[in-house]
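Chain identifiers are assigned alphabetically (A, B, ...) following the order of the sequence lines, protein sequences preceding nucleic acid strands; residue numbering begins at 1 within each chain. The structure displayed is predicted, hence computed values, not measured ones.
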There are 2 protein chains.
Amino acid sequence: MPLPVETYTIKDIARELGISTSTVSRALRGSYEINPETKRLVMECAERLNYRPNPIALSLKGSASRAIGVILPQIANYFFSQAINGIEAIAYNRGYHVIIFQSQESYEREVANVQQSMSRKVDGLLMSLSSETSDVAHLQEVLDKNVPLVLFDRVSADLNVTKVVADNFGGAFAATEHLIQSGRRRIAHLTIQPWLSITQERLAGYRAALEKHGLEFDESLIRYGTFGPDEVGPMVDELMRHSAPPDAFFTASDRLAVGCLQALRQRNLHIPEDVSLIGFTNLNVADFLAPPLSTVVQPATEIGQVAAERLIDQIERKHRALPIETVKIPTELIVRSSTMTSSEVVKL
Amino acid sequence: MPLPVETYTIKDIARELGISTSTVSRALRGSYEINPETKRLVMECAERLNYRPNPIALSLKGSASRAIGVILPQIANYFFSQAINGIEAIAYNRGYHVIIFQSQESYEREVANVQQSMSRKVDGLLMSLSSETSDVAHLQEVLDKNVPLVLFDRVSADLNVTKVVADNFGGAFAATEHLIQSGRRRIAHLTIQPWLSITQERLAGYRAALEKHGLEFDESLIRYGTFGPDEVGPMVDELMRHSAPPDAFFTASDRLAVGCLQALRQRNLHIPEDVSLIGFTNLNVADFLAPPLSTVVQPATEIGQVAAERLIDQIERKHRALPIETVKIPTELIVRSSTMTSSEVVKL
DNA sequence: AACGTTCCCGACATCGTTTGCGCAAATTAT
DNA sequence: ATAATTTGCGCAAACGATGTCGGGAACGTT
């Protein structure tokens with residue numbers, strides 16, 4: 001069954017049948033004011049010609065494109081690629097196409113992506129902010145155009161929209177408390193840009209756990225940054241030169257967890273004998289690392305699914321405004337060898 | 001600097017300046033038949049209104065969209081996400097937007113993605129075939145429409161287009177030879193769908209290495225499939241029950257490598273004492289696994305870059321046909337602990 | 001003074017589709 | 001039988017931009 005090469009338009013059908021394009025258009029969308037017999041003819045002809053409406057023309061007319069745009073920092077990241085899978089699953093089910101853009105953590109490219117998706121007339125936008133983004137005027141613009149917008153993971157407090165996030169506070173609290181309960185007292189926290197909501201929430205969870213257990217919050221154990229491959233090592237050195245060096249590392253991302261693991265090993269710091277290590281990560285190989293890495297798992301797929309559901313709900317019920325809320329998805333603490341106590345290590 | 005909410009059109013500029021839309025259009029594209037002074041006025045007004053041409057309207061007119069479509073099996077895969085980064089880097093440099101679609105290894109969805117990108121009027125298409133794809137009529141259609149197409153990684157022999165692939169034969173040959181030279185004799189090969197070009201090339205490389213070293217090719221050591229998380233274990237069991245069980249595993253993908261590692265550990269088979277393990281993978285954490293995993297690294301980023309370059313070359317020199325060729329990018333064998341010889345293990 | 005050029009610019013059609021309006025024929029109501 | 005509806009369909013405008021014409025004004029040429 002060879003696919004036809006030509007692309008037929010509504011005009012071709014009209015010419016073929018000797019009727020007007022308006023009639024064809026209406027017949028195709030099942031308008032009540034078209035003779036059933038005519039409808040049948042049109043349908044049959046469209047089928048025969050393998051007619052497909054031109055979405056570009058539809059978009060020009062301003063109607064729905066049944067496509068949603070997804071803009072996120074980077075795809076080469078387990079959290080985000082799993083989130084995309086969640087998004088696609090829902091979107092596909094509900095008859096939407098997904099168009100993915102990467103901001104590459106650049107504000108400039110994020111703005112360009114927003115413009116691009118607006119002008120390509122997506123029906124709604126799903127976004128996770130780049131780490132450079134602090135001004136959200138480009139998103140306010142989206143809202144002003146009445147295009148539904150849902151933020152996930154990296155969200156902004158300045159925007160009154162539906163947001164879907166992991167329970168960052170709870171996850172950070174659990175991780176920190178676990179480290180404390182396994183005997184650690186000087187817990188370093190390696191995290192990303194301080195202005196991001198997830199950073200603040202995780203820091204708050206970390207701090208709350210310290211306070212609950214009567215430990216001092218020491219700003220000098222916190223490090224912010226966009227850690228490239230070669231930046232983690234120097235930072236670890238710096239921390240270990242501290243007069244009271246850390247006995248545990250709590251990292252805020254996939255990349256940081258692996259970077260930290262690598263840096264610690266290169267420096268001959270044994271995990272967990274010398275220092276504990278726990279990450280906020282979605283690495284599916286965490287269990288196979290040496291040592292197996294304790295993690296706070298974010299339900300990436302679920303976050304994507306929920307975000308997509310909320311967005312499509314908004315798109316389809318555009319008239320009556322849906323309530324705006326922030327959905328918090330629970331995280332899960334998985335304890336592996338990288339945070340064992342010294343006594344547990346000895347037992348092995 | 002708040003971004004303007006309104007989207008202005010060429011008409012708005014025309015009205016503002018009291019001239020016709022045609023003049024505005026021509027002024028904007030610098031036509032020689034427009035008074036420099038008028039041009040200046042138009043430019044200034046466009047700047048002031050932050051005018052952006054509507055790509056939808058441009059697409060309807062049939063002009064270039066400066067967007068390229070990328071269709072690949074799945075993003076949650078190191079190889080593909082790195083390839084995308086390579087593609088984006090080049091595309092961005094040369095002024096193109098990238099629109100990503102996932103086929104999720106489904107033929108049906110691949111066809112839908114192709115149609116979607118055609119009707120969204122991308123200037124060219126970059127593809128890696130889904131594992132279900134054997135019929136390529138939908139791509140022939142793309143070619144017939146004169147839309148430039150470049151295939152990468154998962155390519156089809158039935159299509160006369162530019163292809164960019166890793167040196168799969170060479171990589172598989174090197175991996176297999178390395179296993180043989182480290183004393184292995186019964187090398188199992190876990191690979192993906194047999195009809196894919198990459199599968200065949202890797203199998204051929206494997207086979208050639210066996211022959212070179214006078215080892216028998218044993219079909220019963222080969223396993224094909226789309227291995228889900230729970231399928232690798234049973235397959236390993238089956239192989240190990242063999243009258244002459246394998247002493248090494250050579251896997252053809254990221255997922256297989258990790259799945260195999262997991263299965264072997266669960267079965268208490270020590271690597272590399274009991275069996276060697278080497279993967280065809282792009283895992284950036286391969287070095288931190290237990291044991292560190294020997295791999296054949298495919299230059300994913302480079303493959304993406306080269307593919308994007310070829311595609312854009314084709315798009316921009318559409319008139320004179322560019323030569324069609326298959327570009328082969330070298331792979332690299334990285335030897336780590338998972339393929340050490342027994343004597344090497346003892347030394348530690 | 002009458003003609004041909006050149007320079008700028010506007011009217012209009014076009015891409016594929018939807019939609020408001022109107023009009024004729026067929027049907028129903030009076 | 002005539003008037004009032006209903007039915008079925010076509011015309012034309014619109015979406016935003018481009019491109020083909022062609023026309024008016026200001027020149028220069030005989």
Open item on the list: Need the bend value for the helix from C:dA1-D:dT30 to C:dT30-D:dA1: angle between end axes, 5 pairs each end, nearest 10°.
Closed with: 60°

Open item on the list: Could you tell me how far apart B:Met118 (CE) and C:dG16 (C1') are, to the nearest whole angstrom?
Closed with: 18 Å

Task: Side-chain donor/acceptor of A:Arg26 to base of D:dG8, under 3.5 Å - done: no

Task: Aromatic ring proximity A:Tyr107/A:His138, centre distance under 6.0 Å - done: yes

TODO: Would you mind reading off the distance between B:Leu49 atom CG and D:dG16 atom P, rounded to a whole angstrom?
DONE: 14 Å

- [ ] Measure the distance from NZ on B:Lys39 to C1' on C:dC9 and round it to the nearest whole Å.
- [x] 13 Å

Open item on the list: So if I take every side-chain heavy atom of A:Asn54 and compare against C:dG16, D:dT18, C:dG10, which nucleotide ends up nearest?
Closed with: C:dG16

Task: Length of the CZ-P vector between B:Arg15 and C:dG10, whole Å - done: 15 Å

Task: Check: B:Asn85/B:Thr301 side-chain N/O donor and acceptor closer than 3.5 Å - done: no

- [ ] Grab the CD1-C1' distance between B:Ile56 and D:dA14 for me, whole Å please.
- [x] 16 Å

Task: Out of D:dA17, C:dC9, D:dC9, whichever nucleotide has its closest atom nearest the side chain of B:Thr23 - done: C:dC9

Task: Salt-bridge present (A:Glu16, A:Lys11; N to O < 4.0 Å) - done: no

Task: Of A:Thr9 and B:Val24, the one whose closest DNA chain C nucleotide lies more 5' - done: B:Val24

Task: A:Ile99 CD1 to A:Ile71 CD1 distance, which is reported to the nearest 0.5 Å - done: 10.5 Å

- [ ] Please state how far atom CG in B:Asp12 lies from atom P in D:dG16, giving the value in whole angstrom units.
- [x] 8 Å

Open item on the list: Considering every strand and a 4.0 Å limit on heavy-atom distances, what is the contact class for A:Ser59: base, sugar-phosphate, or nothing?
Closed with: nothing

Open item on the list: Taking the nucleotide of DNA chain C with the nearest heavy atom to each, does A:Lys11 or A:Thr21 sit closer to the 5' end?
Closed with: A:Lys11

Open item on the list: Within the 3.5 Å criterion, strictly below it, is a donor on B:Tyr96 or B:Glu316 matched to an acceptor on the partner's side chain?
Closed with: yes

- [ ] Please determine if a side-chain N or O atom of B:Tyr51 lies less than 4.0 Å away from the OP1 or OP2 oxygen of D:dA17.
- [x] yes

Task: CE-OG distance between A:Met127 and A:Ser103, expressed to the nearest 0.5 angstrom - done: 7.0 Å

TODO: Figure out the CD1/C1' separation between A:Ile13 and C:dT18, and round it to whole Å.
DONE: 15 Å

Task: Atom pair distance, as rounded to whole Å: CD in B:Glu33 and P in D:dC21 - done: 13 Å

Task: Salt-bridge present (A:Arg154, A:Glu105; N to O < 4.0 Å) - done: yes

TODO: Could you work out which one of D:dG16, C:dC8, C:dT19 sits closest to the side chain of B:Ala57?
DONE: D:dG16

Task: Distance-only donor-acceptor test (3.5 Å): side chain B:Ser22, base C:dA11 - done: yes

- [ ] Please determine, for the side chain of B:Leu60, which listed nucleotide (C:dG16, D:dA17, C:dT17) has the closest atom?
- [x] C:dG16

Task: Distance-only side-chain donor-acceptor flag, A:Gln314 / A:Thr162, under 3.5 Å - done: yes

- [ ] Tell me what A:Ser25 touches on the nucleic acid: a base, only sugar-phosphate, or nothing, going by heavy atoms under 4.0 Å.
- [x] base

Open item on the list: Between C:dT14 and B:Lys61, counting only base atoms on the nucleotide and side-chain atoms on the residue, is there a donor-acceptor pair under 3.5 Å?
Closed with: yes

TODO: Go through D:dC15, D:dC11, C:dT17 for me and flag the one nearest to the A:Ile10 side chain.
DONE: C:dT17

Open item on the list: Let's see if you can work this out: which of D:dG10, D:dA17, C:dC9 has an atom nearest to the side-chain heavy atoms of B:Asn35?
Closed with: C:dC9

